[in-house]
Number of protein chains: 2
Amino acid sequence: MREELREDEYELLARLAQRYYVDERTQEEIAREFALSRPKVQRLLDRARRCGVVAIHVQAPPWLRLELESQLREIFGLSDAIVCSARADPLAEREAVAQRAARYLERRLHDGCVVAVSHGRAVGEVPRFFRPASRLDVTFVSAMGGSPGVAAPTNPNEICRALAAGCGGEAVSLYAPAYVESVEIRDQLLAQEAIAQSLDRAAQATVALVGIGGTDDGCTMVRSGCLTTDEIAWLRSQGAVGDVLGNYVDIDGRSVASPHQDRLLALTVDHLRRVETVVAVVSEPEKPRAILGMLRAGVIGVLVVDEGNARAVLDLASHEPAMAGRAGGGPRPFPREV
Amino acid sequence: MREELREDEYELLARLAQRYYVDERTQEEIAREFALSRPKVQRLLDRARRCGVVAIHVQAPPWLRLELESQLREIFGLSDAIVCSARADPLAEREAVAQRAARYLERRLHDGCVVAVSHGRAVGEVPRFFRPASRLDVTFVSAMGGSPGVAAPTNPNEICRALAAGCGGEAVSLYAPAYVESVEIRDQLLAQEAIAQSLDRAAQATVALVGIGGTDDGCTMVRSGCLTTDEIAWLRSQGAVGDVLGNYVDIDGRSVASPHQDRLLALTVDHLRRVETVVAVVSEPEKPRAILGMLRAGVIGVLVVDEGNARAVLDLASHEPAMAGRAGGGPRPFPREV
DNA sequence: TGCAACCGTGAGCAAATGCTCACCGACGCA
DNA sequence: TGCGTCGGTGAGCATTTGCTCACGGTTGCA
């Protein structure tokens, strides 16, 4: 990499680099000037960069964490990562994350897009900041039923409505609970035309906006009544670290079957895999293991996250390398195929 | 140029620049990522550079004066300029300049080249450092006759011989004095086959290696007996500031007819103009006005010079802008055409 | 001294880049 | 309200760049 240079080599590289980067000559002009072949000039310029003779520095605004973002992208193969700089106030931090997610959607969405939306506290904040410059003909569809046990603004239907209002688009609600008592009832509901259609729309989305849940006793799935504390404890014992839309994974990204799996009305991991861009929005602290598991599951395409979680995830990943066997098959609580 | 940026613009530019320059994505990938058109990405990257969001710094070795070189190139339209950092010892400085000139020749010359060579103290030092890696089939031809009054190593014939020895090439001497008593004698000499042939070869050179003379009483032309102190004083009174091969110019680069003009055996300015690359080597202090005049005359293609002169020339040029009317025609002491 | 492996080289091609141009929509002015 | 102007936009093309590959020269080893 950063091999040593003799004095005259150093001089030549510096001269070439000066001519190319500062004086903006073409490689061919420089080749003629220095009586070298063009490919050789190219190789020398490469070397100049590798050896640090040319330093390209991006003077980023102080609030950006481009380095962290690059690492996340690289390590987990994300198509994008957005890290919000840390703030003292957790509420302000969640707002900041939601705002960046909103900005991302504004530039990502265009007329005709269909967006599947999950529940979640951070996701629930996104609509407040979602104000595209011009009207967008976008359809927001619930990717999960509603839960009476959680505050209205974190319910998918409500989030869809608010997002649609923000851009002049359409909201498609899923008129069903997130969770029912038995498999039979779930199947009856899925047989309903309105419900089946909504879930179908969601499954065909090109973008999904999801939160990542944890496995502590106060996680959203417990608070919303989908799971009992016993059930979440059992999931923890199975190695589960987090979920998206009720689909639990362990720290290595492998699916973990949950007791309520086939009583949920939500998109499955397999549905999500078919979605072009799955945007995960997370800001609560104590989520790094959940995030790491989901990232390893390979479902997430874009991660919008606070600085603390980002650092913690990268730190975890470097200390706990993923095991060989990854995600793959696993149970499919929502059996409809697209 | 360095327009102001809004916060979010700044962020976008920094993100793009990071992706492009640090992560080495293509503009097209970035365009897709950010949902922009490729040309727009390009324009934004341009802006990022203009606004200093990306800083490309060439970490040049401390002994290089790339900035001065660029300025010389730009202002005087040189194809190259090489500036040697200042040294306390004038002798060491001259050697350094000669060494850089030798390096330049080593990379510029290739088999089949013909090099016309003038007299001069700095030029005379070049052969000592001229050691191409491999044998070069190059012909060195005197561009001027010899003068018994000056030390052998600064006579063109001797320089040619030494250069040829350095690379295994050929030396073509001009067996004539630089200067004769009358026009008639000059014409008689020019009628000699040997002399005419040599000068013809010199006129057809692709490279010329010349010194730049001054107009003080101790200049080479006076020391070599070509001019008397009265004559040089008269030239000064006519505005002459310096010469190449006895062709004098004023500070604006216009030719100044000299009393000995048609008694010299040397290439004229018009001959030099037809040479592809005229390399001037100068190191003596007190030469800036001479250099400035010759640069403005537009004869020089490559200037190898010490730092002091380089700075002084640039300084002079910025304080004494050239006048409208430039060089051009003027008298032609050596009437043979190529 | 001969042979083989290797580094460095330049030709040629495919991709990326910079640039020109015609167009569109916003804004200002009548 | 209509018209003209102007900044910004993306299509298309010419140029520049990066890369692959086959070759030659040199070096190390037998």
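Protein chains get the first letters and strands the later ones, always in sequence-line order, with residue 1 at the start of each. Nothing here was measured: the structure is a model prediction, and the numbers come from that model. Atoms considered below: every heavy atom in the structure, side chains included; atoms not considered: hydrogens, waters and symmetry mates.
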- State whether the side chain of B/Thr139 and the backbone N or O of B/Val114 hold a donor-acceptor pair below 3.5 Å, judged by distance alone. no
- Task: For A/Tyr21 and D/dT16, give me the distance from atom OH to atom C1', rounded to whole Å.
- Result: 14 Å
- Task: May I have the distance from A/Glu29 (atom CD) to D/dT17 (atom P), rounded to whole angstrom?
- Result: 9 Å
- Message: Rounded to whole Å, please give me the gap between CD in A/Glu28 and P in D/dT17.
- Response: 8 Å
- Message: Any non-hydrogen side-chain atom of B/Leu295 less than 4.5 Å from a side-chain atom of B/Leu78?
- Response: yes
- Note on the structure: Quick tally for nucleotides 18-24 of chain D: nucleotides whose base has a protein heavy atom under 4.0 Å get B, sugar-phosphate-only ones S, the rest -, giving BB-----
- Rounded to whole Å, the CG-C1' distance (B/Leu44 to D/dG8) equals 11 Å
- Rounded off to whole Å, could you give me the CG-to-C1' distance for the B/Leu36 and D/dA11 pair? 17 Å
- Message: Just the rounded figure in Å: distance from C1' of C/dG8 to CD of A/Glu9.
- Response: 13 Å
- Whole-Å distance separating the CZ atom of B/Arg19 from the P atom of C/dA16: 15 Å
- Worked check of salt bridge (charged side-chain N to carboxylate O under 4.0 Å, His left out) between A/Arg100 and A/Glu106: CA-CA 10 Å; A/Arg100 309 304 283 285; A/Glu106 285 165 12; over 6 Å; no
- Any side-chain heavy-atom pair from A/Ile82 and A/Leu303 closer than 4.5 angstrom? no
- Item | Lys/Arg N to Asp/Glu carboxylate O, A/Arg19 vs A/Glu24, below 4.0 Å | no
- Query: Quick one: A/Lys40 NZ to D/dT17 C1', roughly how many Å, whole number?
  - Reply: 19 Å
- Residues at least two apart in sequence or cross-chain that pass side chain to side chain donor-acceptor pair (under 3.5 Å) with A/Glu67, listed by chain then number, are none
